[in-house]
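Side chains are part of it too, since the values below use all heavy atoms of this structure and drop only hydrogens, waters and symmetry mates.
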Amino acid sequence: QIGQLFDMMRDLRNDTDTTLDEELIHAYRLPDIYQKSMRTLSGGTRQKVSAALAFLFNPPVMILDEPTAGLDPLSAEILKEKVQREKQRNKLFLVTSHIMSDLEEPATDVLYLVEGSVVFFKSLNALKTETGEERLGRAIAQIMQTHAS
């Protein structure tokens, strides 16, 4: 059950010095489904549970893999706004995504990999200046087109 999962994670950490960050638990109304089993949840709801667990212990570094995959538009915006607020608190986020629009706002630097090899690593501003593009997706497409030539 979802509720037991959160309880187990709190018990495992047993960290009395850390203030728990339960914002996403409440924003996603997860207590309403605490009695449900993970295997019965939709992919989007599983993603909400995973996001809430990732932020729960207030880590200074967050690694998020395709964080908005499967989320409805409202839930995706809730998560993006949460990342923006936490970024303001000087937390470091490493985000992997194929959805460039998800990275547009929070990104400061872009590392682009193809088959495990670094194609480029630049600041977002340098990338936009170099390509003359304002949108991240277009800037990357331009670099990739140049790289393929």
With a 4.5 Å limit on heavy-atom distance, are the side chains of Asp102 and Lys80 in contact?
yes
hydrophobic_cluster_shared for Phe57 and Leu79, side chain cutoff 4.5 Å
yes
Go through the steps for Val95 and Met62 under the test side-chain contact (heavy atoms from CB on, under 4.5 Å), then give the verdict.
CA-CA 8 Å; Val95 182; Met62 301 278 299; over 6 Å; no
With distance as the sole test, does Thr68 use its side chain to make a donor-acceptor pair with the main-chain N or O of Leu71 at under 3.5 Å?
no
Classify the angle between the aromatic ring planes of Phe120 and Tyr112 as parallel (below 30°), tilted (30 to 60°) or perpendicular (above 60°).
parallel
Here the gap from Leu24 atom CG to Arg29 atom CZ, rounded to the nearest 0.5 Å, amounts to 15.0 Å
Find out whether Lys48 and Ile78 are in side-chain contact, i.e. whether some heavy atom of one side chain is under 4.5 Å from a heavy atom of the other.
no
Lys82 and Asp21: CA distance, side-chain angles, deciding distance, side-chain contact (heavy atoms from CB on, under 4.5 Å) verdict:
CA-CA 11 Å; Lys82 175 67 172 170; Asp21 182 347; 2.5 Å; yes
For atom CZ of Arg10, is the number of surrounding heavy atoms from other residues, nucleotides or ligands below 6.0 Å larger than 12?
yes
Is any side-chain heavy atom of Met144 closer than 4.5 Å to a side-chain heavy atom of Val119?
yes
Walk me through whether Val118 and Leu113 qualify under side-chain contact (heavy atoms from CB on, under 4.5 Å).
CA-CA 5 Å; Val118 175; Leu113 301 170; 3.6 Å; yes
Is any side-chain heavy atom of Leu5 less than 4.5 Å from a side-chain heavy atom of Leu53?
yes
Can you tell me how far apart OG (Ser37) and CD (Gln1) are? Round to the nearest 0.5 Å.
7.5 Å
Verify same cluster id: Val61, Val110 (apolar side-chain graph, 4.5 Å)
no
Report yes if some heavy atom in the side chain of Leu136 is under 4.5 Å from a heavy atom in the side chain of Leu127; otherwise report no.
yes
Nearest-0.5 Å distance, CG of residue Leu41 to CD1 of residue Ile2
4.5 Å
If you measure from CD on Glu23 to OH on Tyr28, what distance do you get to the nearest 0.5 Å?
9.5 Å
Arg85 atom CZ, neighbour heavy-atom count above 12 within 6.0 Å
yes
Please give me the minimum heavy-atom distance between Leu56 and Phe6, naming the atom from each residue.
CD2-CD2, 4.1 Å
Heavy-atom nearest pair, Pro31 first then Ile25, reads CD-O, 3.5 Å
For Ala139 versus Thr131, what's the shortest heavy-atom pair and its separation?
CB-OG1, 3.4 Å
Can any side-chain N or O of Arg89 pair as donor or acceptor with the backbone N or O of Pro60 at less than 3.5 Å?
no
Hey, could you give me the CG/CD distance between Asn58 and Glu22, rounded to the nearest 0.5 Å?
11.0 Å
Are Lys128 and Glu104 within salt-bridge range, i.e. N to O under 4.0 Å?
yes
side-chain contact (heavy atoms from CB on, under 4.5 Å), that's the test. Do Asp7 and Tyr34 meet it? Break it down for me.
CA-CA 10 Å; Asp7 290 343; Tyr34 270 8; 6.0 Å; no
Closest non-hydrogen atom pair, Asp109 against Ser123
OD1-CA, 3.3 Å
Which atom of Val49 lies closest to which atom of Met38, heavy atoms considered
CG1-SD, 4.0 Å
To the nearest 0.5 Å, atom NE2 of His26 lies from atom CG of Asp32 at 11.0 Å
Cluster check Leu103, Leu111: I/L/V/M/F/W/Y, side chain < 4.5 angstrom:
no
Basic-acidic side-chain contact under 4.0 Å: Glu105, Lys87:
no
Using modelled atom types and a 3.5 Å cut-off, is there a donor and acceptor pairing between side-chain atoms of Gln47 and backbone atoms of Pro67?
yes
Side chain proximity check, Phe55 to Val83, heavy atoms < 4.5 angstrom:
yes
